Amino acid sequence: MAEIKDLTIIIPFLNEKEEVENTLKSIRDHSTTDIPIIVIDDGSDDGYDYLSVTQKYGATYVRNSERMGVAASRDKGVDLCQTTYFLLLDSHMRFYECVWADRLLSLLQEDDRVILCAQTKVLNRTDEGEVIENEIAVKTYGAFVDIPGLKGITLYSRWIAQDLYPDELVVEIPSVLGAGYAASKRYWQYLQGLRGLIYYGSDEPFISIKAWKEGGRCLLVKDVVIGHIYRTEAPYLIVPIHVHYNKMLIAEMLLPYPMKKRFLTRFELTQEETFQETQNLISKKREEIAVMKSYIRSITTRSDEDVFRMQKSINDPDTSVSLRQLLAITNKINGWGLSEGKCGFAVSMYRKASLDELSVINGIIGELLSELPEVIGSFSLPVTLGYGWCGIGWTISFFLEKKVLPDEFALLLPLIDHHVMERDVRRIRESGFEKGLAGVLYYIMCRLENTASIAPVSFDTIYLQELEVVARDLFVNGEGIDSVDVYHVFLEGRKTGKFLLGLLEEPNLFYFSENL
């Protein structure tokens, strides 16, 4: 068991007055030993004697010569602490029992690649100044990041209001929230902490996404409860442009291109003037951001799909129900299409599965698609992505890349390529993904981009030249506005030999559940 001396409490604040003392007193009253505490005064100008208060409770007082913001102050506290682990708090919090330090330390000692989040108790201050528990507030269980491409584009961490694992005291969560976060100094600094954020906002989604990308985890510790006074107004100025800057920084550094593109597009459309101001501020720090982004890439061990899998499942309350429904109808699926067949069913199960469910789901997918090598020669199908050869080929390529299907499935891809070439692309009337040329282009680009790692392609020069002519006509004429990006990426790829599929959003027809 780690010693209590292995933990330092870090409390940044600005103009909090008596709440600093109230929080320090609560910590001392509910601790079995004198835990080191570092209090970071971020340039308070309210005339309050914070030095005397911190000395009264044996804390170390550090005052910033000028305002750094909560993110930089938290990082400064981590740099100053002399212990292996730390706990970040706000300056208006309350404790209720004395076992919290031992509990947090025992979990951090088991695995230091985690960000621990305490269970939040919602407190409010009455008109008379009394701090009371809000008994009608919805109890929360960690948070998720409201990311672009889901139900919103805010990039805030939002509360999870349902206990998804009622029998477990420590559970994985997409994002920390509530201002009670414990971690190891080594891991925080390895992630580069909150470096890059300015003044106020977005600390939680920033550090949470970085931890998940690196290969770590965010955990909610339900049996460590810390009260947090939630206020309607902060005792300091919050500048909106700083909040927007931090969200744009997250989009730039941590989101895959399609999510980043959606965030920026919606931001520009809804707040054009603020968008331009934020962009200008980002541009001034472009080199610094590029360095930070490069570092994050160098320590990333999880794919974007896995990183945001949990965000999607939490943000969609029907996901777990849909997964159960899908599993219940495994034997009822006829056909092999991507829009309404076994391929679509398999992809949807994979998309909806949590990280813990993947090993089971992968086995089910392997069994579901196991007959493909035997029956594929008997198919008579269109070439389309939604209902035909392109969709089957894409599914095989997808699961080969994910190591779900055995390598021998790669032998099917040249056969599928030949089936695709049997259709004269000049006679494909529709331009969209599901039934048109965009879907054919998407499959072909996937094959051309991954040919070295999966299987040799069979598309001959004449076929690709004809495809290029048709794609250019559709692109110039602007037909199928939702698919124009596909035509553009294909034409650029024909010029350069590299198809930048990361610039495209994947067609949403891959989700079989939409057709149930």
Side-chain angles (χ1 to χ4, degrees), residues 336-339 341 343 347 369 372-402 405-477 479-480 483-504 506-507 509-510:
W336 293 89
L338 190 54
S339 283
C343 287
V347 173
L369 302 181
L372 259 178
E374 298 179 10
V375 302
I376 199 167
S378 63
F379 290 167
S380 177
L381 296 172
V383 298
T384 60
L385 188 66
Y387 300 90
W389 290 115
C390 288
I392 294 174
W394 183 90
T395 302
I396 293 173
S397 298
F398 176 80
F399 284 124
L400 283 171
E401 184 179 352
K402 303 298 180 185
L405 293 178
D407 292 342
E408 52 263 31
F409 271 72
L411 300 175
L412 301 178
L413 293 175
L415 175 62
I416 292 174
D417 293 346
H418 281 292
H419 282 299
V420 173
M421 285 194 295
E422 290 175 355
R423 177 68 185 270
D424 187 345
V425 293
R426 295 169 296 183
R427 295 183 180 274
I428 299 178
R429 295 181 178 276
E430 294 198 31
S431 58
F433 274 110
E434 191 169 13
K435 300 178 181 179
L437 185 66
V440 176
L441 282 175
Y442 190 81
Y443 169 65
I444 291 172
M445 285 191 289
C446 288
R447 291 284 290 119
L448 293 173
E449 187 176 54
N450 297 311
T451 178
S453 59
I454 295 179
V457 296
S458 303
F459 305 115
D460 58 42
T461 302
I462 295 176
Y463 178 79
L464 292 175
Q465 288 175 344
E466 291 176 349
L467 198 58
E468 184 176 349
V469 171
V470 176
R472 182 175 289 105
D473 288 343
L474 288 170
F475 178 69
V476 172
N477 294 330
E479 294 185 31
S483 309
V484 164
D485 282 351
V486 180
Y487 306 144
H488 175 68
V489 171
F490 176 75
L491 293 171
E492 289 299 308
R494 287 287 289 162
K495 292 179 183 177
T496 63
K498 185 171 179 60
F499 297 92
L500 302 177
L501 291 176
L503 298 178
L504 300 174
E506 288 188 352
L509 61 92
F510 295 163

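Computed from a predicted model, the values in this text were never measured in an experiment. Quick note: residue numbers are just sequence positions, from 1.
- Within the 4.5 Å cutoff, the side chain of Trp389 has heavy atoms near those of the Ile376 side chain.
- Counting heavy atoms from C-beta on, the side chains of Ser339 and Glu434 come closer than 4.5 Å.
- Contact record, Met421 with Ser458: CE-O, 2.9 Å, taken as the closest heavy-atom pair.
- Between Lys435 and Thr384, the closest heavy-atom pair is O-CG2, 3.5 Å.
- Taking 4.5 Å as the limit, some side-chain heavy atom of Tyr443 sits within range of a side-chain heavy atom of Asp417.
- Across all their heavy atoms, Val420 and Cys390 have their closest contact at CG2-SG, 3.9 Å.
- Looking at residues two or more places apart in sequence or on another chain, you find no side-chain hydrogen bond (donor to acceptor under 3.5 Å, both in side chains) involving Asp460.
- Contact of the Glu466 side chain with the Val470 side chain is not registered, since no non-hydrogen atoms from C-beta on lie closer than 4.5 Å.
- With sequence neighbours left out, the side chain to side chain contact (heavy atoms under 4.5 Å, CB included) criterion links Leu467 to Val425, Leu437, Leu441, Ile444, Tyr463, Phe490.
- Summarising the geometry, atom CD1 belonging to Ile392 is positioned 11.0 Å from atom CG belonging to Leu385; distances are rounded to the nearest 0.5 Å.
- With sequence neighbours excluded, the residues satisfying side chain to side chain contact (heavy atoms under 4.5 Å, CB included) with Gln465 are Thr461, Arg494.
- For Ser397 against Arg447, the heavy-atom pair with the smallest separation is OG-CD, 3.9 Å.
- Here Leu405 contributes atom CG and Leu372 contributes atom CG; the two are 8.5 Å apart, rounded to the nearest 0.5 Å.
- Taking a 6.0 Å sphere around CD of Glu374, one finds it holds 12 or fewer heavy atoms contributed by other residues, nucleotides or ligands.
- With contacts defined as side-chain heavy-atom distances shorter than 4.5 Å, the pair Leu369/Thr395 qualifies.
- Phe409 pairs by the ring-ring contact (aromatic ring centres under 6.0 Å, His included) definition with nothing, not counting sequence neighbours.
- Here the shortest heavy-atom pairing between Val347 and Leu338 reads CG2-CD1, 4.1 Å.
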